[in-house]
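We number each residue from 1, following the sequence as shown.
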Amino acid sequence: QVQLVESGGGLVQAGGSLRLSCVASGRTVDIKSMGWYRQAPGQQRELVASTGSGGTTNYADSVKGRFTISRDNANDIMYLQMNSLRPEDTAVYYCNARTIWGPIRKDYWGQGTQVTVSS
């Protein structure tokens with residue numbers, strides 16, 4: 001129904017910046033909200049930032065003031081601008097999309113993109 005592909009990860013020094021992209025395809029008109037999650041080895045997946053269809057945004061406390069989530073609805077692309085990166089930001093970052101119609105809520109995930117921040 002919905003397919004997600006992330007890109008933009010890589011290796012960066014502490015204090016540097018990266019911009020992640022997530023391209024959505026399929027039945028994108030059904031997407032109600034999208035977000036970025038991250039997962040370090042051996043750790044639980046955690047929410048980094050999310051945005052609703054009305055443009056509302058939410059951020060984890062650890063990234064407030066450093067990361068910015070945005071959506072290009074015309075091209076079905078979501079971005080995560082990451083500034084002032086820290087070694088603790090190192091993780092695999094995943095794109096998420098949520099669809100809701102009737103009583104059914106579904107979550108879709110991308111394959112992930114690796115972000116590594118060196119100290």
Side-chain angles (χ1 to χ4, degrees):
Q1 190 172 11
V2 175
Q3 295 80 46
L4 305 170
V5 179
E6 305 98 332
S7 63
L11 176 64
V12 64
Q13 293 183 348
S17 298
L18 286 173
R19 188 173 79 159
L20 306 183
S21 300
C22 173
V23 179
S25 61
R27 198 174 298 178
T28 58
V29 67
D30 293 335
I31 296 175
K32 301 301 181 183
S33 63
M34 298 185 71
W36 288 97
Y37 291 71
R38 66 186 181 188
Q39 186 171 21
Q43 303 296 318
Q44 298 294 315
R45 188 172 299 185
E46 63 177 356
L47 176 68
V48 177
S50 63
T51 179
S53 59
T56 58
T57 59
N58 183 57
Y59 297 91
D61 288 340
S62 61
V63 307
K64 286 182 178 178
R66 300 188 298 121
F67 292 8
T68 303
I69 188 171
S70 61
R71 292 175 66 179
D72 179 354
N73 291 316
N75 296 302
D76 294 321
I77 304 174
M78 180 178 65
Y79 302 98
L80 183 67
Q81 178 66 47
M82 305 185 294
N83 298 326
S84 302
L85 283 163
R86 306 166 180 170
E88 53 263 41
D89 294 319
T90 296
V92 177
Y93 284 70
Y94 295 92
C95 178
N96 166 264
R98 175 169 292 175
T99 64
I100 301 174
W101 65 100
I104 302 175
R105 184 178 73 183
K106 295 183 179 180
D107 283 289
Y108 300 88
W109 298 92
Q111 83 289 347
T113 185
Q114 177 71 48
V115 172
T116 302
V117 184
S118 62
S119 60

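- The minimum heavy-atom distance between A40 and A91, with the atom names listed, is N-CB, 3.9 Å.
- Minimum interatomic distance between L18 and G8 (heavy atoms only, all atoms of both residues): CD2-O, 3.9 Å.
- The salt bridge (Lys or Arg N to Asp or Glu O under 4.0 Å) test applied to E88 returns no partner, not counting sequence neighbours.
- Residue L47 comes nearest to S50 through the heavy atom pair CD1-CB, 4.2 Å, listed as atom of the first residue, atom of the second, then distance.
- Y37 and Y93 are not part of a single hydrophobic cluster, where members link through side-chain heavy atoms under 4.5 Å apart.
- In this structure, R71 and I31 have side chains that are in contact, with non-hydrogen atoms separated by less than 4.5 Å.
- In this structure, the separation between OG on S33 and CG on N58 is 11.0 Å, given to the nearest 0.5 Å.
- At least one donor-acceptor pair closer than 3.5 Å links the side chain of T90 to the backbone N or O of V117.
- Neither V23 nor L20 shares a network with the other; the hydrophobic side chains, linked directly or stepwise wherever heavy atoms of I, L, V, M, F, W or Y lie under 4.5 Å apart, form separate groups for each.
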(request) Take L85 and F67, measure what side chain to side chain contact (heavy atoms under 4.5 Å, CB included) needs, and give me the verdict at the end. (result) CA-CA 9 Å; L85 283 163; F67 292 8; 3.8 Å; yes
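- A continuous path of ILVMFWY side-chain contacts below 4.5 Å connects L80 to Y108, so both sit in one hydrophobic cluster.
- Note on D89 versus R86: no salt bridge recorded, every NZ/NE/NH1/NH2 to OD/OE distance being 4.0 Å or above.
- Taking the side chain to side chain contact (heavy atoms under 4.5 Å, CB included) definition, one finds that S84 meets it with R66, sequence neighbours left out.
- Rounding to the nearest 0.5 Å gives a distance of 7.0 Å between CD of Q44 and CD of Q39.
- Residues L4 and A24 share a closest heavy-atom pair of CD2-CB, 3.7 Å.
- Separation of atoms CG (D30) and CD (Q1) is listed at 5.5 Å; rounding is to 0.5 Å.
- Judged by distance alone, the side chain of Y94 and the main-chain N or O of E6 form no donor-acceptor pair under 3.5 Å.
- In this structure, V63 is a member of the same hydrophobic cluster as V12, with clusters built from ILVMFWY side-chain heavy atoms closer than 4.5 Å.
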(message) Run D107 and N96 through side chain to side chain contact (heavy atoms under 4.5 Å, CB included) and show every step you take.
(response) CA-CA 7 Å; D107 283 289; N96 166 264; 3.3 Å; yes
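- Of the inter-residue distances, the one linking R19 atom CZ with T68 atom OG1 reads 11.5 Å to the nearest 0.5 angstrom.
- The two residues Q13 and S118 come nearest to each other via the heavy atoms CA-OG, 3.5 Å.
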(request) Apply the test side chain to side chain contact (heavy atoms under 4.5 Å, CB included) to residues W109 and R45: give CA-CA distance (whole Å), side-chain angles for both, the deciding distance (0.1 Å), then the verdict. (result) CA-CA 12 Å; W109 298 92; R45 188 172 299 185; 3.2 Å; yes
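- A distance of 3.5 Å separates CG of D76 from OG1 of T28, quoted to the nearest 0.5 Å.
- Residues M78 and W36 share a closest heavy-atom pair of CE-NE1, 3.3 Å.
- Between R38 and V115, every side-chain heavy-atom pair lies at or beyond the 4.5 Å cut-off.
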